[in-house]
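Everything on this sheet refers to the single structure shown next.
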Number of protein chains: 2
Amino acid sequence: MGGMALGKDYATQECSIARALEIVGERWTLLVVRDALYGVRRYNDFLVHLGIPRAVLAARLQALTAEGILEKRRYQQSPPRDEYVVTDRGAALWPTLRALGRWGREHLGEEQLRVFRHVSCGTELGSYGECPHCATVVPVADVLMEPGPGLDPEPADPVSRALLTPRRLLQPLETPSA
Amino acid sequence: MGGMALGKDYATQECSIARALEIVGERWTLLVVRDALYGVRRYNDFLVHLGIPRAVLAARLQALTAEGILEKRRYQQSPPRDEYVVTDRGAALWPTLRALGRWGREHLGEEQLRVFRHVSCGTELGSYGECPHCATVVPVADVLMEPGPGLDPEPADPVSRALLTPRRLLQPLETPSA
DNA sequence: ACCATTGATTCGTTCATTGAACCTATGAGG
DNA sequence: CCTCATAGGTTCAATGAACGAATCAATGGT
């Protein structure tokens with residue numbers, strides 16, 4: 001199938017976690033998926049927001065597309081331009097990212113950088129992305145993201161600035177790009 | 001503090017997920033934590049179960065200890081021998097690993113390799129590690145792990161064999177070691 | 001003709017991973 | 001006392017991946 005070059009797979013492991021990490025466990029990969037869930041779709045937006053080397057970004061986008069986590073789609077013909085959109089399989093990584101982010105905040109002693117709420121009731125999400133109030137798993141598209149108290153209110157790059165306004169996950173990001 | 005050498009951190013990222021990945025995002029690290037949650041504690045048991053290079057294992061154990069995810073403790077004096085035990089901070093990574101494993105099984109088309117149940121009622125855990133019957137999030141120590149239908153019933157190494165018997169998470173693994 | 005934008009590829013340097021070999025401390029057996 | 005076995009590592013050369021700067025390609029605007 002895709003890459004799976006030497007040393008990239010956990011050969012001896014008979015484990016779903018290991019299989020998952022073979023796909024999304026490389027450096028930068030989960031941050032690309034995170035940005036995609038936040039609504040980032042364009043090569044240049046990933047680039048400036050992540051501060052990732054261009055070659056690595058190209059490799060990750062290709063690998064994620066090959067694995068069906070992102071989908072490459074042409075959004076304009078006349079200078080041919082492509083964007084990368086999360087698929088259902090990619091959106092299904094939300095609970096993992098939510099759990100990881102929550103662990104990071106609770107155990108690395110940070111201020112809250114982003115707040116995630118159930119859009120229909122306003123309740124803040126639990127560790128796995130569930131709504132404690134409604135006692136249901138919140139679909140990714142119904143998650144509202146707001147800036148938390150610890151987040152820089154005047155970030156340098158336009159993508160970070162666009163991500164300051166409260167927005168639903170998956171909602172495509174509009175970049176001023178000027 | 002510990003490592004954080006050049007290129008190991010996601011410098012521009014103001015994000016709890018990125019902070020978390022700086023600690024547990026390197027190759028092998030989450031599998032070491034997984035094994036620790038399964039009850040593996042000894043250098044040699046990690047080694048044979050993971051098939052990890054010795055130098056990398058030593059580096060990861062040291063880093064995880066420095067970050068307070070594992071605790072190094074002497075379990076016998078006379079030939080001085082140490083074991084690595086998960087701390088609360090390490091156990092708090094369970095939701096992340098649970099979410100990742102679930103994604104791996106559901107989206108990479110695998111048979112179920114391990115089954116996790118609420119020990120007090122026997123109900124299989126839901127998508128986000130909760131008990132559907134008791135309607136609570138199950139503490140890590142109350143999770144019962146059993147082999148699933150897809151798991152090899154006659155594995156080669158003694159650690160995998162010891163992990164075949166139903167057991168609670170965190171419960172120390174007894175290795176026949178002969 | 002020239003410059004700007006978007007989405008990349010190429011390339012030399014640096015860093016991390018790998019696997020084999022070696023080292024240390026101790027105890028057991030002969 | 002000598003040797004082997006065990007547990008827990010360290011050292012090293014070779015390979016692979018990441019980094020960042022430079023370049024390229026297609027198009028459109030002025």
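Below, read A as the first sequence line, B as the second, and so on, with proteins coming before strands; counting in each chain starts at 1. Quick caveat: nothing in here was measured; it's all calculated off a predicted structure.
Rounding to whole angstrom units, CZ of residue A:Arg60 and C1' of D:dA18 are separated by 8 Å. In this structure, CZ of B:Arg42 is placed 11 Å from C1' of D:dG8, rounded to the nearest angstrom. Summarising the geometry, the separation between CD on B:Glu83 and C1' on D:dG9 is reported as 17 Å, rounded to the nearest angstrom. The CZ-P distance, from A:Arg73 to C:dG7, rounds to 14 Å in whole Å. Rounded to a whole Å, the CZ atom of A:Arg74 is 12 Å from the C1' atom of C:dT6. The distance between atom CG of A:Leu50 and atom P of D:dA18, rounded to the nearest whole Å, is 14 Å. Computed from coordinates, the A:Ile52 CD1 to D:dC19 P distance equals 7 Å when rounded to whole Å. To the nearest angstrom, P of D:dA18 lies 10 Å from OH of B:Tyr10.
Toward the 5′ end of DNA chain D lies the nearest nucleotide of B:Tyr75, the other residue of the pair B:Tyr75 and A:Arg54 mapping further downstream. Judged by closest nucleotide on DNA chain D, A:Trp28 is the one of A:Trp28 and A:Ser78 placed further toward the 5' end.
Of the candidate nucleotides D:dG8, D:dG9, D:dT27, D:dG8 has the atom lying nearest to any side-chain atom of B:Asn44. Counting only heavy atoms from C-beta on, B:Arg27 has its side chain closest to C:dT17 among C:dA8, C:dT17, D:dG28. Closest to the side chain of B:Ala55, out of D:dG9, D:dG20, C:dG19, is C:dG19. Distances were taken from every side-chain heavy atom of A:Ala58 (C-beta onward) to each of D:dG20, C:dA8, D:dG9; the shortest belongs to C:dA8.
The CD atom of A:Glu110 sits 9.0 Å away from atom CD of B:Glu14, with the distance rounded to the nearest 0.5 Å.
Between A:Trp28 and B:Tyr10, the ring planes lie perpendicular to each other; the angle is over 60°, past the 30° to 60° tilted range.
No side-chain heavy atom of A:Asp142 sits less than 4.5 Å from a side-chain heavy atom of A:Ser120. Side chains of A:Trp103 and B:Val24 form a contact here, defined as non-hydrogen atoms less than 4.5 Å apart.
Nucleic acid contact for B:Val56: base, since at least one base atom lies under 4.0 Å from a heavy atom of the residue. Among the atoms of the strands shown, none is found under 4.0 Å from any heavy atom of A:Ala59. Within 4.0 Å (heavy atoms only), A:Tyr84 reaches sugar-phosphate atoms of the nucleic acid but no base atom.
Members clustered with A:Tyr75: none, using a 4.5 Å side-chain heavy-atom cutoff among hydrophobic residues.
The base of C:dT5 is paired with the side chain of A:Arg81 by a donor and an acceptor separated by under 3.5 Å.
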